[in-house]
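Structure, as structure tokens:
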There are 2 protein chains.
Amino acid sequence: MNIGDVSSRSGLPAKTIRYYEDIGLIKPHRSANGYRCFAETDLHKLAFLGRARALGFTIEDCRTLMALYEDESRASADVKQLAQEHLAKIQAKIADLQAMRDTLDELVKGCAGDSRPDCPILKDLSGKR
Amino acid sequence: MNIGDVSSRSGLPAKTIRYYEDIGLIKPHRSANGYRCFAETDLHKLAFLGRARALGFTIEDCRTLMALYEDESRASADVKQLAQEHLAKIQAKIADLQAMRDTLDELVKGCAGDSRPDCPILKDLSGKR
DNA sequence: ATGAGGGTTCCAGTCAGGGGAAGGTCAAGA
DNA sequence: TCTTGACCTTCCCCTGACTGGAACCCTCAT
């Protein structure tokens, strides 16, 4: 398979696939003409990576997850711990964003949104008290 | 005021303040020795920026907000619209993260987390069906 | 005179790729 | 056979919003 094939079959842009090779996540062979030559296992890995990235795991997490996946003697506890730490980070981010949203929502509600200059949003940002 | 003073009074790192000058958000004067020389208005602007950034506005949004703030004849509708668009982006991000969290939460719950290799998290990532 | 603790500029790195240029390769059609 | 167009390759710069560090200057106290 050429890169275009794995790209459409994995859903990942060709650029991303090259990047993943660059950072050592995959190691496709090369054809005589210099083109990357992907095996089914490469495609499988790319799909794995795509799903892990879609769950928000960092590239380094993905590297670790792939290593665990390929390690037949892994302990599921290691996988679970990684996932739980990631989950905690997501939760923290959600909480941050919710706090932002709540504040902003209050401010937006209080703003007339008309042609007059008076604006509680700007008042708040400028440090009104 | 030197940069250290505005840094501690605004809560922004000196590096950040220099960066804000670099991109034209503030324009402090210079003392004879080449040091930046901040007026109260600069401090006020930095505080404004700090609060806007804390609400998740991008630097470009901040630039617009500052311009609106300084424009006595602004319409609050312009401020409100900017804030609402930002709010929508925050909402979308929250929704994305919640979807990740829910999926991940399911997977984590299903994982024994012991010394055995069997792991539903890896199974899912590898495309089990 | 020296040392600590300010300040200055400039360069490089972060994260996970995206955009685009310059050029090589391949299969099909005229 | 030639050409066209769709692939593929590497290379380098760009993103946002800073952060870290090097190398150097200024000021004040000891």
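These values consider heavy atoms only, across backbone and side chains, with no hydrogens, waters or symmetry-generated copies. Naming: A, B, ... by sequence-line order, numbering from 1 per chain.
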Among side-chain atoms of A/Ser76 and B/Asp114, is any donor-acceptor pair under 3.5 angstrom?
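The criterion, which ignores hydrogens and geometry beyond distance, is satisfied for B/Asp114 and A/Ser76.
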
Please report the distance, rounded to the nearest Å, between [atom1] in [X] and [atom2] in [N].
X: B/Lys15; N: D/dA17; atom1: NZ; atom2: C1'; answer: 13 Å
X: A/Lys89; N: C/dC15; atom1: NZ; atom2: P; answer: 12 Å
X: A/Tyr35; N: C/dC26; atom1: OH; atom2: P; answer: 6 Å
X: B/Tyr19; N: C/dC11; atom1: OH; atom2: P; answer: 17 Å
X: B/Lys93; N: D/dG16; atom1: NZ; atom2: P; answer: 13 Å
X: A/Ile26; N: C/dG17; atom1: CD1; atom2: P; answer: 12 Å
X: B/Arg18; N: C/dG7; atom1: CZ; atom2: C1'; answer: 7 Å
X: A/Leu25; N: C/dG17; atom1: CG; atom2: C1'; answer: 13 Å

Determine: side-chain N/O of A/Arg36 to OP1/OP2 of D/dC7, distance under 4.0 Å, yes or no.
no

Below 4.0 Å: OP1/OP2 of D/dT19 and any side-chain N or O of B/Thr16
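It does, given that an N or O in the side chain of B/Thr16 lies less than 4.0 Å from OP1 or OP2 of D/dT19.
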
Taking the side chain of [X] as its heavy atoms from C-beta onward, which of [options] lies nearest to it?
X: B/Arg30; options: D/dT10, C/dT9, D/dC18; result: C/dT9
X: A/Asn33; options: C/dT9, C/dG19, C/dC26; result: C/dC26
X: B/Ile59; options: C/dT25, C/dG18, D/dC18; result: D/dC18
X: A/Asn2; options: C/dG18, D/dC8, C/dG7; result: D/dC8

Do [X] and [Y] make a side-chain contact, defined as non-hydrogen atoms from C-beta onward lying under 4.5 Å apart?
X: A/Arg101; Y: A/Leu104; value: no
X: B/Asp42; Y: B/Val6; value: no
X: B/Asp5; Y: B/Phe38; value: no
X: A/Tyr20; Y: A/Leu46; value: yes

Please work out if [X] contacts a base, only the sugar-phosphate, or nothing of the nucleic acid, heavy-atom cut-off 4.0 Å.
X: B/Arg53; value: sugar-phosphate
X: B/Phe57; value: nothing
X: B/Ile23; value: nothing

